Amino acid sequence: MKYPSDAVLETLERLSLQLVWQFRLDLQRAFEPLGVSPMQAFALVSLREGIDQPSSLGFVMDVSPSGVSQLLAGLEERGWVRRELDRKDRRQVRVLLTEEGLGFLERLRKSWREISRERYSRLNSREIAMLCESYQKLLAPRAVGE
């Protein structure tokens, strides 16, 4: 496998940092009017995707156990999640989205879709397909021996 040169990596690093920052600003623009932070939104999306244990949520979000507890308490207060004991292992707590939480996720999705449509409208369909393929490659786990 041929690796990119330092000059190419420097350009990618600079552009990636700028793009990540712009996405962060886009997230704030999409979610703040709804009264939710990007972290809260990510937690709700993660729960919808099946990550239902506080420890797993903390791992995925890189948040301490106390941070996850505070985050979940805030979401629970708003009626978007509920905690319950796991039926198979009563020592484990599961976090589940409520109907209100699922409805709120739909509002989040619509708001994010509106904001992201603005950014992605700068690309044509071929560029979007290439971007999707590139993202999938960058997010895929490394093969053994690479």
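All heavy atoms count here, side chains included; hydrogens, waters and symmetry mates do not. Here the structure is a predicted model, which is why all the values come from computation and not from measurement.
The side-chain contact (heavy atoms from CB on, under 4.5 Å) search around V95 returns L47, P54, L72, V81, R83, not counting sequence neighbours. Qualifying ring pair (Phe, Tyr, Trp, His ring centres under 6.0 Å) partners for F104, counting only residues two or more places apart in sequence or in other chains: W80. L15 meets the side-chain contact (heavy atoms from CB on, under 4.5 Å) test with T11, Q18; sequence neighbours excluded. With sequence neighbours left out, the salt bridge (Lys or Arg N to Asp or Glu O under 4.0 Å) criterion links E106 to R109. Residues satisfying the side-chain contact (heavy atoms from CB on, under 4.5 Å) criterion with P4, sequence neighbours excluded, are V8, L9. With sequence neighbours excluded, the residues satisfying side-chain contact (heavy atoms from CB on, under 4.5 Å) with E118 are R29, I115. In this structure R119 satisfies the salt bridge (Lys or Arg N to Asp or Glu O under 4.0 Å) test together with D26, sequence neighbours excluded. Scanning for salt bridge (Lys or Arg N to Asp or Glu O under 4.0 Å) contacts around R82 gives E84, with sequence neighbours left out.
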Criterion side-chain contact (heavy atoms from CB on, under 4.5 Å) on L123 and L131, from CA distance to verdict:
CA-CA 9 Å; L123 304 175; L131 184 62; 3.8 Å; yes
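When side chains are defined from C-beta on, L105 counts as touching L97, because their heavy atoms get closer than 4.5 Å. Using a 4.5 Å cut-off on side-chain heavy atoms (C-beta onward), E114 and K110 make no contact. You'll find the side chain of L27 stays beyond 4.5 Å of the side chain of F42, heavy atoms only.
Residue pairs meeting the salt bridge (Lys or Arg N to Asp or Glu O under 4.0 Å) criterion with at least one partner in residues 49-73, sequence neighbours excluded, are D52-R94. Counting only residues at least two apart or in different chains, side chain to side chain donor-acceptor pair (under 3.5 Å) contacts with residues 122-140 are absent.
Formation of a donor-acceptor pair under 3.5 Å by the S111 side chain with backbone atoms of A30 is found in this model. Without hydrogens or angle criteria, S46 side chain to I51 main chain gives no donor-acceptor distance under 3.5 Å.
Residues V45 and L34 share a hydrophobic cluster, clusters being chains of Ile/Leu/Val/Met/Phe/Trp/Tyr side chains in contact below 4.5 Å. Hydrophobic clustering (side-chain heavy atoms under 4.5 Å, transitive across Ile, Leu, Val, Met, Phe, Trp, Tyr) keeps L96 apart from V60. One hydrophobic cluster holds both L108 and Y120 under the rule that ILVMFWY side chains link at heavy-atom gaps under 4.5 Å.
Here the CG-CG distance, from L44 to L75, works out to 5.0 Å after rounding to the nearest 0.5 Å.
Considering every non-hydrogen atom in both Q40 and G35, the closest pair reads OE1-O, 4.2 Å. Of all non-hydrogen atoms in F31 and P38, the two that sit nearest each other are CD1-CA, 3.9 Å.
Cluster partners of W21, using a side-chain heavy-atom cutoff of under 4.5 Å among ILVMFWY residues and allowing indirect links, are L25. Within the hydrophobic cluster formed by Ile, Leu, Val, Met, Phe, Trp and Tyr side chains joined at under 4.5 Å, directly or through other members, V93 is accompanied by L85.
In this structure, R14 places its CZ atom where more than 12 heavy-atom neighbours from other residues, nucleotides or ligands lie under 6.0 Å away. For F59, the CZ atom is loosely surrounded, since the number of other residues' heavy atoms within 6.0 Å does not exceed 12. E10 CD: 12 or fewer foreign heavy atoms inside a 6.0 Å radius.
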